[in-house]
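Each remark here refers to the structure printed beneath this line.
Just so we're clear, the structure is a prediction, and the values are computed from it rather than from any experiment. Lettering of chains follows the sequences in order, A, B, ..., and the numbering in each one begins at 1.
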Amino acid sequence: MPELPEVETVRRGLAPHLDGARIEALELNRADLRFPFPPDLARRVSGRRVLTLGRRAKYLLIPLDSGETLILHLGMSGRMIVERGDEAGTMADFHHDVTRLPQHDHVIFRLEGGTRVVFNDPRRFGSLDLWSSDRLDDAPSLATLGIEPLGNALHPEALAALLAGRRTPMKAALLDQRLIAGLGNIYVCEALHRARISPTRPAGALKRREIGALVVAIRDVLAEAIDAGGSTLRDFRHEDGSLGYFQHAFRVYDREGEPCPTPGCRGIVRRLVQSGRSTFHCLECQR
DNA sequence: CTCAGCTCCTGCGGGC
DNA sequence: TGCCCGCAGGAGCTGA
């Protein structure tokens, strides 16, 4: 479920609680999520202190003072919930979070001071791995990732090289984490709409100026989503201590049948299925 | 190498 | 109201 902006929002929300904190115990309520947990995971994490939270694409990175880093993926339905203990040792109120079922609390970080950070994931498409911090790029989940869409690595020349010669539709190319790492179904739809590029266009057929527009669109849509996430984060923390999703004004995603929001465009947002997944786009202004 | 299709799992909303 | 079906924001694997 979460794409790069949501993971970044989770990172920012967790950092005040986890940066520098000592993990008294890592509690595992099962032996696996999408993959088996690494050997002796609880023992290798318990008692360690967290350095500074990081992120790579859709992965949350939790470096420890042991020289190893936790690599956490939220999958489709994963969430991180902060439960702060008060002076009396009770948990913070989180009953507003009606859909959270305790049987999906798979991993619990028990921190010094009584705070608990809970990794809840109903569909269990998430993952948790532990890898040597100085060889993090070799971790199986990170080794094949492409460039970060925020920052300097994404520029028109780089994207042109990635797309050159590919006949796959643009929708699939942007979803491919080996090219650009961090986009998911929503932001691919949104970025292509902003850049006015059809999701069915063969990737290698894009013109230079279209690639330039796409770079801008990707950066803008991700940055705006992160900003929106940051603004809702404060509410989340004060309300119920949970972190995770936020409302974002999508222009085309899940808006089938609505008027195209592009200024001056008379089109209607359409839905099509590409490699089994919904694409939302406008036939009029996306070419 | 590239690419399409299948698969893991649970929850929820729409339609009847 | 209740039941069934389809669909969901990810991504690794298989096989052509």
Side-chain angles (χ1 to χ4, degrees), chain A residues 1-10 29-37 55-60 71-80 97-107 119-129 139-146 149 161-193 199-205 218 221-222 225-226 228-229 232 243-257 271-281:
Chain A
M1 185 174 282
E3 305 183 27
L4 186 153
E6 290 74 28
V7 178
E8 177 62 21
T9 296
V10 169
N29 291 330
R30 51 182 301 126
D32 63 77
L33 284 172
R34 180 167 186 191
F35 308 109
F37 293 142
R55 178 190 57 76
R56 172 76 169 104
K58 302 174 191 174
Y59 291 87
L60 180 68
I71 304 168
L72 190 153
H73 197 294
L74 296 169
M76 294 273 273
S77 59
R79 294 187 294 177
M80 302 295 279
D97 198 353
V98 291
T99 59
R100 175 179 164 219
L101 298 175
Q103 65 261 36
H104 303 309
D105 288 351
H106 306 307
V107 178
F119 183 9
N120 177 285
D121 182 14
R123 290 177 71 179
R124 303 208 302 274
F125 286 178
S127 64
L128 183 61
D129 199 3
S141 49
L142 306 182
T144 59
L145 290 177
L162 290 172
L163 299 180
R166 293 182 188 271
R167 285 190 283 204
T168 193
M170 275 308 300
K171 172 74 185 304
L174 293 184
L175 279 176
D176 189 338
Q177 303 298 298
R178 297 169 300 183
L179 305 181
I180 299 175
L183 300 176
N185 206 36
I186 291 179
Y187 294 109
V188 167
C189 292
E190 295 293 315
L192 286 170
H193 179 261
T200 62
R201 282 276 294 285
I218 290 170
V221 73
L222 294 180
I226 290 171
T232 62
L243 301 170
Y245 310 130
F246 58 86
Q247 298 291 49
H248 183 63
F250 303 128
R251 297 185 187 177
V252 290
Y253 185 81
D254 206 22
R255 293 190 181 277
E256 182 180 18
R271 187 180 86 98
L272 69 94
V273 175
Q274 290 179 288
S275 50
R277 315 194 60 192
S278 291
T279 299
F280 297 89
H281 67 129

Selection from C/dG10, B/dA4, B/dT10 that lies nearest to any side-chain heavy atom of A/T168
B/dA4
May I have the distance from A/Y187 (atom OH) to C/dA8 (atom C1'), rounded to whole angstrom?
15 Å
Considering only the P atoms, how many Å lie between B/dG5 and C/dC7, rounded to the nearest integer?
16 Å
Between B/dT10 atom C1' and A/L33 atom CG, what is the distance in whole Å?
13 Å
Side-chain N or O of A/H104 versus OP1/OP2 of B/dG11: is the shortest distance under 4.0 Å?
yes
Atom CD of A/Q103 and atom P of B/dC9 are separated, to the nearest Å, by 16 Å
Candidate list A/L33, A/L128, A/D129, A/V7, test side chain to side chain contact (heavy atoms under 4.5 Å, CB included), partner A/L72, passing option
A/L128
Under-4.0 Å side-chain N/O to phosphate OP1/OP2 contact, A/R124 with B/dT10:
yes
Quickly work out the A/R167 CZ to B/dA4 P distance and round it to whole Å.
11 Å
Would you find a donor on one side and an acceptor on the other, under 3.5 Å apart, between the side chain of A/Q177 and the backbone of A/L183?
yes
Got more than 12 heavy atoms from elsewhere within 6.0 Å of CZ, A/R30?
yes
Atom CG of A/D121 and atom P of C/dG10 are separated, to the nearest Å, by 13 Å
Please list every stem that involves DNA chain C, where a stem is a run of 3 or more consecutive Watson-Crick or G-U wobble pairs with both pairing distances under 3.5 Å.
B:2-8 with C:10-16, B:10-16 with C:2-8
What's the verdict on side chain to side chain donor-acceptor pair (under 3.5 Å) for A/R271 and A/S278, showing C-alpha distance, side-chain angles and the deciding distance?
CA-CA 6 Å; A/R271 187 180 86 98; A/S278 291; 2.4 Å; yes
Is there a donor-acceptor pair under 3.5 Å between the side chain of A/E3 and the backbone N or O of A/G182?
no
Distance, rounded to the nearest Å, where A/L4 contributes CG and C/dG10 contributes P
11 Å
Can you check nucleotides 11-13 of chain C for protein contacts, nitrogen or oxygen pairs under 3.5 Å, and list what you find?
unit_1	atom_1	unit_2	atom_2	d
C/dA11	OP1	A/H73	NE2	2.2
C/dA11	OP2	A/K58	NZ	2.8
C/dA11	O4'	A/R34	NH1	3.3
C/dG12	O4'	A/R34	NH2	3.1

Could you give the distance separating B/dC3 and C/dG9 at their C1' atoms, to the nearest angstrom?
22 Å
Just one of A/N185, A/T168, A/L179, A/I180 clears the side chain to side chain contact (heavy atoms under 4.5 Å, CB included) bar with A/L174, so which one?
A/I180
Is a side-chain donor or acceptor of A/R124 paired with a backbone partner of A/G126 at a separation under 3.5 angstrom?
no
Between B/dC3 (P) and A/L163 (CG): distance, integer Å:
11 Å
Value rounded to 0.5 Å, distance of CZ in A/R255 from SG in A/C189:
12.5 Å
Report yes if a donor N or O on one partner sits less than 3.5 Å from an acceptor N or O on the other, where the partners are the side chain of A/R123 and the base of B/dC9; otherwise report no.
yes
What is the separation between atom CG on A/D254 and atom C1' on C/dG9, rounded to the nearest whole Å?
10 Å
Would you indicate what A/G184 reaches in the nucleic acid, counting non-hydrogen atoms under 4.0 angstrom: base, sugar-phosphate, or nothing?
sugar-phosphate
State whether the side chain of A/H106 and the backbone N or O of A/D121 hold a donor-acceptor pair below 3.5 Å, judged by distance alone.
yes
Quick one, A/E190 with A/V252, criterion side chain to side chain contact (heavy atoms under 4.5 Å, CB included). Give me CA distance, side-chain angles, the key distance, then yes/no.
CA-CA 6 Å; A/E190 295 293 315; A/V252 290; 3.4 Å; yes
Think A/Y253 has a side-chain N or O under 4.0 angstrom from the OP1 or OP2 of C/dG9?
yes
Any A/S77 side-chain N or O less than 4.0 Å from OP1/OP2 of B/dG11
no
